[in-house]
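Encoded as structure tokens, the structure appears first; notes follow it.
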There are 2 protein chains.
Amino acid sequence: MTPNTHDQLLKKKQVEQMLAEHGIFVTAQRRIIAEALFARNQHITADQLLDLVNKNGTKVSKATIYNSLGLFADKGLVREIHINASKTFYDSNASRHHHFYNVDTGDLIDMKERLVPLFLQSDLPDGTVMETADVVIRVRNQSP
Amino acid sequence: MTPNTHDQLLKKKQVEQMLAEHGIFVTAQRRIIAEALFARNQHITADQLLDLVNKNGTKVSKATIYNSLGLFADKGLVREIHINASKTFYDSNASRHHHFYNVDTGDLIDMKERLVPLFLQSDLPDGTVMETADVVIRVRNQSP
DNA sequence: ATCAATTTTAGAACTATTCTAATGCCACGA
DNA sequence: TCGTGGCATTAGAATAGTTCTAAAATTGAT
């Protein structure tokens, strides 16, 4: 697991600071969501996060989960990972790394960044700048 | 545009051969679909392909489009590209190459393979073999 | 021609995500 | 302190891409 700046964020104050540093207005729901999300490095769906957040008596709506995840993604706090048509994963570790996805088991596994897509600005389409480089190596279980 | 073996496939016989070579039982609908799909290198959605196929009087159902695209993808004839939660693109060029995706315009642009993800078997999770390496470089329009 | 197996079909069902419009909350200025 | 304006949040409806279902059609083999 690639270490990142968010790894040890567990306490309210640190979460608040992190949101603020990324220009995100802190609200009660966003704090709750961020605490659950950044408690550890994880690949999680909106639905799973909703369950996780509402497990402890707190009540946050589905719409707010989606709104917040979208906002966090915009601000670079989480990375959206689109593995297939029916599921978006949010990676609470936004630092540069890639993934293995096992099509047999559905596992999504972190990969140490071993090969950085190094694109010169001039290699990009005219008038554009790079935002992210999304890499997923799809694997399957070895036949016996 | 990376040249591939399918580039010039326009005639029935060649399409049939291509399907057969990949272990795909040839049917009337699959031939029609494959002809439209492999007429040129393109990034196309299931819906767009349905329209394209049914433009010329022929009638192929939505379910068959999905079934065939899924089958072609399984057999390595097309590549599925998941850009966002709401759209799967099928790339009629299955040869190894990557993409630029412009989040502002929605354009999906081919990239010459410039950087091959070279993973040794030993780098993959235990007991797995690589299937595909999916890379999407997300770009956005330069601010003026 | 008949058979079993596979493919195709229309439309319903499913589901992740987005939208809507009403309500709630907060900071700020008078 | 009170009111105001602007977001944020909410429940539930709407949307849309994809999958499922069960019946009909097609296929190659016998």
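Order of the sequence lines sets the chain letters (A, B, ...), proteins ahead of strands, with each chain counted from 1. What you are looking at is a predicted structure, and each value in this text was computed from that prediction instead of being measured.
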> Taking only residues two or more places apart in sequence, or in another chain, which ones meet H99(B) in a ring pair (Phe, Tyr, Trp, His ring centres under 6.0 Å)?
Replying inline: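 Expected list: H43(B), H97(B).
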Distance, rounded to the nearest Å, where [X] contributes [atom1] and [N] contributes [atom2]:
X      : N       : atom1 : atom2 : result
L71(A) : dT18(C) : CG    : P     : 14 Å
I24(B) : dT8(C)  : CD1   : P     : 11 Å
I33(A) : dT9(D)  : CD1   : P     : 7 Å
N67(A) : dT17(C) : CG    : C1'   : 11 Å
I32(B) : dT9(C)  : CD1   : C1'   : 14 Å
L69(A) : dA16(C) : CG    : P     : 15 Å
N84(A) : dG17(D) : CG    : P     : 16 Å
L49(A) : dT17(C) : CG    : P     : 12 Å

>> So, OP1 or OP2 of dT10(D): does either fall under 4.0 Å of a side-chain N or O from Q29(A)?
In response: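 So the side-chain polar atoms of Q29(A) do come within 4.0 Å of the phosphate oxygens OP1 or OP2 of dT10(D), strictly under.
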>> Holding to side-chain hydrogen bond (donor to acceptor under 3.5 Å, both in side chains), I want the full list of residues that pass it with T64(B), two or more places apart in sequence or in another chain.
In response: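 side-chain hydrogen bond (donor to acceptor under 3.5 Å, both in side chains) check on T64(B) returns S61(B).
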>> My understanding is that only residues two or more places apart in sequence, or in another chain, count here; which of them pass salt bridge (charged side-chain N to carboxylate O under 4.0 Å, His left out) with E131(B)?
In response: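 Listed in chain order: R140(A).
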> Looking at residues at least two apart in the chain, or sitting in another chain, which of them share a salt bridge (charged side-chain N to carboxylate O under 4.0 Å, His left out) with R30(A)?
Replying inline: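 Here no residue qualifies.
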> Which other residues belong to the hydrophobic cluster containing I83(A), where Ile, Leu, Val, Met, Phe, Trp and Tyr are joined when side-chain heavy atoms lie under 4.5 Å apart, directly or via other members?
Replying inline: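 Grouped by the 4.5 Å side-chain rule, I81(A), F89(A), Y101(A), V103(A), L108(A), V136(A) form the rest of the cluster around I83(A).
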> What string of B, S and - do you get for nucleotides 18-29 of chain D, 5' to 3', if B is base contact, S is sugar-phosphate-only contact and - is no contact with any protein heavy atom under 4.0 Å?
Replying inline: BBB-------S-
> If we ignore angles and hydrogens, is there a donor and acceptor under 3.5 Å between the side chains of D47(B) and T45(B)?
Replying inline: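 No donor-acceptor contact under 3.5 Å links the two side chains.
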